[in-house]
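Notes follow once the structure below has been shown.
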Amino acid sequence: MNIQRFVELAKESNVFHEGEVKDIDGIAKLLSPEKPLLYWTMEFYDKDENDIKGGGGLGILAADTRRTAQQLGLPMVVVTPFYTTESHQTLDNFWQKEEHRAVVPGPEYRKFCNTSISTICDTVVPLDVYDRTHGSTRIVTITEPNFGELYPGSNSGDHRLYQEVALGFGGFKALKMQGIEALYMQLNEAPTVFAAVARLDDLMRTEKSLDKALETLRKQILYTNHTLVPAVEGEFNRAQFEHFVYPNIFSGELKEWINGLFNHEGRMKLSLLTIELAGKKSGVSKLHARVADYRDRYGSKVDFEAVTNGISRKWILPKIENYYHISGILNAADFPSNDYQARLRMLDMNTVRNLRKAGRDHLNTVLRRRKNQYGHATIIPQESLIFDFKRRFAGYKRPDMVFNDPGRLAHILSSQNAHLIMTGKPHPNDEMMKQELKRILTLVHHDPVLRDRVHYLQDYDEEVGQALSFGADCAINVPIVGEEACGTSWMKDIANMKLLISTPDGGVADVQPIACLEVSGENETESLYYNLEEAAKIIRDDHAYKRELVRSLSAYLPVISGPRMMAKYLQLFAQE
Ligand SMILES: *Cc1c(COP(=O)(O)O)cnc(C)c1O
């Protein structure tokens, strides 16, 4: 597809109004391979297609953003580190262990140049730059043999800062050598801010003053925040900046200006620097943009535009995606067509059942080659229903909620002939959630019904996430309300015609009231159990199932569309 066709399809779809389409069109015309959208990200997770396994949800989103840009013919360069160590989960008596594997960029990458950064101790740290082209997009990845793993040590540590500086300054230099202009830069979270600092330093050579350079820069930088509050973020001190950052900045005035941003304890969070440099700021769902609590250097609350995350086609079973297109529900750019709701009401349940069965077949294949908590393959009878919980084991996502009353869960699973498949890793430093995982798996082990019907898949990754999205029947998404910035795995569930049980949080709450089985009220656990039983009944009844699918797809197809997200970002760049 070329950009012009994409703009036409955006116009036809009714997702955007006239003025917005004009903006999108305007900016699309300015983009070219030499003036692409530059997307900076410390996480990029696309092992399947691009052999990079950097991160979790944030990295998945970055990979989806690139894939969507390619589909739409949008010039985009993703700049991301290549981490030389990859982490995998194994279980030892239900206790999580991390296994580290050394990795190098595969032969599909071209080593296209060298770049470097400076530090106080080593005047030059050489960096290798690899790249790979996919249609209108390109991945540029920065590394060196000792680059290390993603998130080494504390997030205020020296090595972390070094990696961030290597990406920002090193990446900026590499692109400049290639004649790529940094006119539109999206910073996927604050640790990529050094790309903007490098650009500002470069502008200082041509602009008359720092103020002028800042004014020019701010129009071109979009900061996309994915975190709710700055509390969890790392902080760096002046000495660290003097060691790693300042040796890469030419302008003394700029160094002075950055020095002015440290607090009275001589520390700074990168989000503050990012807020000061980015003229455009976005949050990743309506709720998140509203509640994200950040201040600028004068203490004023920062306004975030809401651009809800979207997903790429990768996460939709090809047969289902094909169905959306031939039935005119989605247009060629994956925007909902202007009459998609009427078309959804013509959904034929025989077709839906056949599509869902194809999804289940795919899941079965993956279940056969992956390990459960006992290190075995998983076999689930064809007539059983499958619930899934697939997400990082973070406290706020509440993987434990469904186990609050194990007897009740056992009763529901056996009376509804259902299985629960769980997957997701605790963060390596999150001892509490590792303990929680062990507790849950032990509890399951000691209950004969649960042992039969609850399966934990080791080493959650794209393959497992995708297979469960394609082939399970109903997903459980129960973050503490107000703590999930957006979440994308629930989007994968909706897109694949599954049922969703969810709290009204993140992107799910973009639509009010939420259009799925809602967990809410005084007793959320009770509400969850009630909805598990409801879901089982709905799935077995064509009429009820269709009503639920029409309701959730009508509400969420515009939300989950990756091209909708992309078009929104273009529009932000267009705004003065
Ligand atoms: C989709 C996906 C994620 C992101 O899920 P969230 O809902 O945003 O937490 C993370 N990891 C994998 C492997 C995924 O497939």
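Counting convention: from 1, in listed order, for ligands and their atoms alike. One-based numbering along the sequence shown.
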Per-atom contacts, ligand 1 versus Glu462 - under 4.0 Å to a heavy atom: 13 (C)

At under 4.0 Å between heavy atoms, what of Asp461 touches ligand 1? The answer is backbone

Under 4.0 Å from a heavy atom of Ser489: give me the atoms of ligand 1 that qualify, with their elements. 5 (O), 6 (P), 7 (O)

Ignoring angles and geometry beyond distance, decide whether Lys397 reaches within less than 3.5 Å of ligand 1 through its nitrogen or oxygen atoms. yes

Residues in side chain to side chain contact (heavy atoms under 4.5 Å, CB included) contact with Tyr151, at least two apart in sequence or another chain: Glu43, Arg160

May I ask you to list the atoms of ligand 1 that are less than 4.0 angstrom from any heavy atom of Gly487? 7 (O), 8 (O)

Just which atoms of ligand 1 are under 4.0 Å from any heavy atom in Trp315? 15 (O)

Heteroatom distance test (Thr488, ligand 1): nitrogen or oxygen, under 3.5 angstrom: yes

Sorted by chain and residue number, the salt bridge (Lys or Arg N to Asp or Glu O under 4.0 Å) partners of Glu483 (sequence neighbours excluded) come out as none

Show, in sequence, the C-alpha distance, side-chain angles and deciding distance for Thr68 and Ser312, and conclude whether the side chain to side chain donor-acceptor pair (under 3.5 Å) test is met. CA-CA 6 Å; Thr68 302; Ser312 74; 5.1 Å; no

Sub-4.0 Å heavy-atom approach of Met491 to ligand 1: no

Atom 1 (C) of ligand 1: which protein heavy atom is closest, and how many Å away? Lys492 NZ, 1.4 Å

Side chains of Asn331 and His325 only: does a donor on one sit below 3.5 Å from an acceptor on the other? no

If the threshold is 4.0 Å, N to carboxylate O, is there a salt bridge linking Asp459 and Lys371? no

Among all the protein's non-hydrogen atoms, which is closest to atom 12 (C) of ligand 1, and how far away is it? Tyr460 OH, 3.2 Å

With distance as the sole test, does Arg356 use its side chain to make a donor-acceptor pair with the main-chain N or O of Ala472 at under 3.5 Å? yes

Under a 4.0 Å threshold between the charged nitrogen and the carboxylate oxygen, would Lys53 count as salt-bridged to Glu86? no

